[in-house]
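Below is one structure; the comments refer to it alone.
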Amino acid sequence: MKRRIKKAIEEAYKELVKKKRFPDDDVPSSHLISIPKQEQHGDYASNFAMVMASRLKMPPRKIAQEIVSALGDSLDFEKIEIAGPGFLNFFISDTFWQNSLNNIRDLGEHFGSSDAGAGKRVLVEFVSANPTGPLHVGHGRGAAVGDSLCRVLKKAGFQVESEYYINDVGNQMNNLGKSVYLRYKEAFGERVDFPDDCYKGDYIKDIAEGVKREFGDEFLKKDLSECLDFFTKRAVDEIFSGIKEDLREFRVNFDNWFSERTLHESGLIERTIEELKERGLIYEKEGALWFKTSEFGDEKDRVVKRSNGILTYFAADIAYHRQKIQRGYDLLVDIWGADHHGYVPRVKAAIKAFGKDEDILKVLLIQLVNLIEGGKLKAMSTRAGEFVTLREVIDDVGVDATRFIFLTRKCDSHLDFDLDLAKTQSQENPVYYVQYAHARLESVFRMAKDRGFELPNKDEADLSLLNAPEEIKIMKVLNQFPEVVEGAALNLEPHRISYYLTELAGLLHKYYTRYRFIGDDPLLTKARLVLAHVIKIVLKNGLELLGVEAPERM
RNA sequence: CCGCCCAUAGCUCAAUUGGAUAGAGCAACGGACUUCUAAUCCGUAGGUUGGAGGUUCGAGUCCUCCUGGGCGGGCCA
């Protein structure tokens, strides 16, 4: 609808230029169609006249007047008003809204889809937690946002792939294997000193116990160096399968699992560095190899290979992102914890070094989750084994509520996750408000069936009977859904969906209290059942984008 | 010392990307179940958008400075 109006205005303008009513000038893309907050300002508003005023050197209200007269009857508007400093306010007829219900009904689960993404290929990389311990709550936030974003982008016409980057090399891996080895020895009654750089969580003990059960004392006499690889692999496999299980349960889907190890084994990192060296972007200093990221906007150069010959994490990331680019995506979305923000300029620098516009990469920084329990902040550290796992929260709070909490905030705002509140007072969570709306509509249809009503065919229902202000308002909001999805996709802000659904649910609850879907008048009942059906479609489609279930009863 | 992010109702958060009189939920107070689910609805109250300037038709949103909070600034990841 917004596009239709915008186009109509632009055509009216061109028409007026031809008639020499206006001097010829480009139409700036900055003129927008918006939905006014005040109903008296119409269904849609345009700021066209105000945007053009300074360019055309004409008073905005005069421009608006010309546009209105040129628009004439080109669209079936109820009326067009000029208001305030020069807003064009468009009022749409009730008939239009009523008929739109059939349109939504026909589209069904596809309603909300658009071609805004124009089939562009997007890679969304998220979670990417090191396989050194189970996922904790903070990872959950990234998982929920990333997964929902993928769903939203798909809906908006992008070709989307989701990817998990596995940091399965480096010192941390050795420390992990060592930690299990030590716990293994401990399981046989040996006293061991547990170093600070080892992982102290109970899950390490569980893995060690598993090794003991399966292999007995086979490794007891062996030196750490002899069996480190075994213990490391064992630990990674076990932890990682746990991570995958948690994600599955959290309804988070990944198309690709990308192992950092493969970058090393294939020699891609070395080759990438070689290539950069040939282009003079790598130099040696104090025994290490440095990448001139400062030539591409970073504040200083960065080491890619340490003086001990070991590649840095950044080196792998350069190769990884280059490899992503070569896979041919139009857009790369990386979702990181906000504590990695200092890392953004150097990765963007790498991308520029490969001749790509840095805007091909969008980094979403997810603020850390503060966990509150007993009114106190809980410290979280994987290494110290102090953390609340995602699984724990899922089990206590539920997948739907947890996802909704994460998706009802902009990701760059700090999030206080109050465990006690989420566990004991989960009724306060707005997710139930939305789900309840869906369940209520299901219940209406159960009752309708008992009373001998079915959802009528399209030609059976007289939608013009739906003329109550509340009904018209609902129809308007229903029609916003595709635009909300589009906005959420283009701005990478899945939280918009949650707010939209809360508003729609609120309108339903209000309507439900005041009117009855099933009444004495069969014609009115039929029409309202169509409305109920369409609201249900939109609620369900929206909840699907959040990865939250639409229950039939509660 | 330098850089990035945040600051909106008592609390948790929105605000269509610069639009018109800043909105929801929770908490507080007062009402509504004989009718499709009260996990709901109606009403009351709650604000100098951290502070000061600036840009313009118009600023919570943009620019500068200040205050307060978070996070970074390693040949760690």
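As the structure is a computational prediction, the values presented were derived from the model and not from experiment.
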Going by side chain to side chain donor-acceptor pair (under 3.5 Å), name the residues that satisfy it together with [X], two or more places apart in sequence or in a different chain.
| X | value |
| --- | --- |
| Lys476(A) | Asp43(A) |
| Asp317(A) | none |
| Glu81(A) | Lys79(A) |
| Thr262(A) | none |

Next item on the list: Enumerate the residue pairs fulfilling side-chain hydrogen bond (donor to acceptor under 3.5 Å, both in side chains) with a member in residues 284-297 of chain A, sequence neighbours excluded, ordered by first and then second residue.
Entry: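 Those involving residues 284-297 of chain A are Thr293(A)-Asp298(A), Ser294(A)-Asp301(A).
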Next item on the list: Using a cut-off of strictly less than 4.0 Å between a heavy atom of the residue and any atom of RNA chain B, enumerate the qualifying residues of residues 474-482 of chain A by number.
Entry: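 Heavy-atom contacts with RNA chain B come from no residue of residues 474-482 of chain A; none.
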Next item on the list: For each nucleotide in nucleotides 72-77 of chain B, reading 5' to 3', give B when a protein heavy atom comes within less than 4.0 Å of its base, S when such contact involves only the sugar-phosphate, and - otherwise.
Entry: SSSBSB
Give the table of side-chain donor-acceptor pairs shorter than 3.5 Å for residues 333-341 of chain A, with sequence neighbours excluded, one pair per line with atom names and distance.
residue: Asp334(A); atom: OD1; partner: Lys324(A); partner atom: NZ; Å: 2.9
residue: Asp334(A); atom: OD2; partner: His321(A); partner atom: NE2; Å: 2.6
residue: His341(A); atom: ND1; partner: Ala338(A); partner atom: O; Å: 2.9

Quick test: give all pairs of protein nitrogen or oxygen and nucleotides 31-36 of chain B nitrogen or oxygen below 3.5 Å, distance rounded to 0.1 Å.
residue: U35(B); atom: O2'; partner: Arg516(A); partner atom: NH2; Å: 2.6
residue: C36(B); atom: O4'; partner: Arg516(A); partner atom: NH2; Å: 3.3
residue: C36(B); atom: O2'; partner: Ser443(A); partner atom: O; Å: 3.3
residue: C36(B); atom: O2; partner: Phe517(A); partner atom: N; Å: 3.4
residue: C36(B); atom: O2; partner: Ile518(A); partner atom: N; Å: 3.2
residue: C36(B); atom: N3; partner: Phe517(A); partner atom: N; Å: 3.1
residue: C36(B); atom: N4; partner: Tyr512(A); partner atom: O; Å: 2.7
residue: C36(B); atom: N4; partner: Tyr515(A); partner atom: O; Å: 2.5

Item checked: Residues that Phe111(A) engages under ring pair (Phe, Tyr, Trp, His ring centres under 6.0 Å), provided they are two or more places apart ->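 If we apply the ring pair (Phe, Tyr, Trp, His ring centres under 6.0 Å) test to Phe111(A), skipping adjacent residues, the hits are Phe481(A).
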Checklist line | Listed partners of Glu66(A) passing salt bridge (charged side-chain N to carboxylate O under 4.0 Å, His left out), at least two apart | finding: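 Counting only residues at least two positions away or on another chain, Glu66(A) forms a salt bridge (charged side-chain N to carboxylate O under 4.0 Å, His left out) with Arg21(A), Lys62(A).
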Polar-atom pairs under 3.5 Å, protein N or O versus N or O of nucleotides 56-62 of chain B: list them with distances, or write none.
none

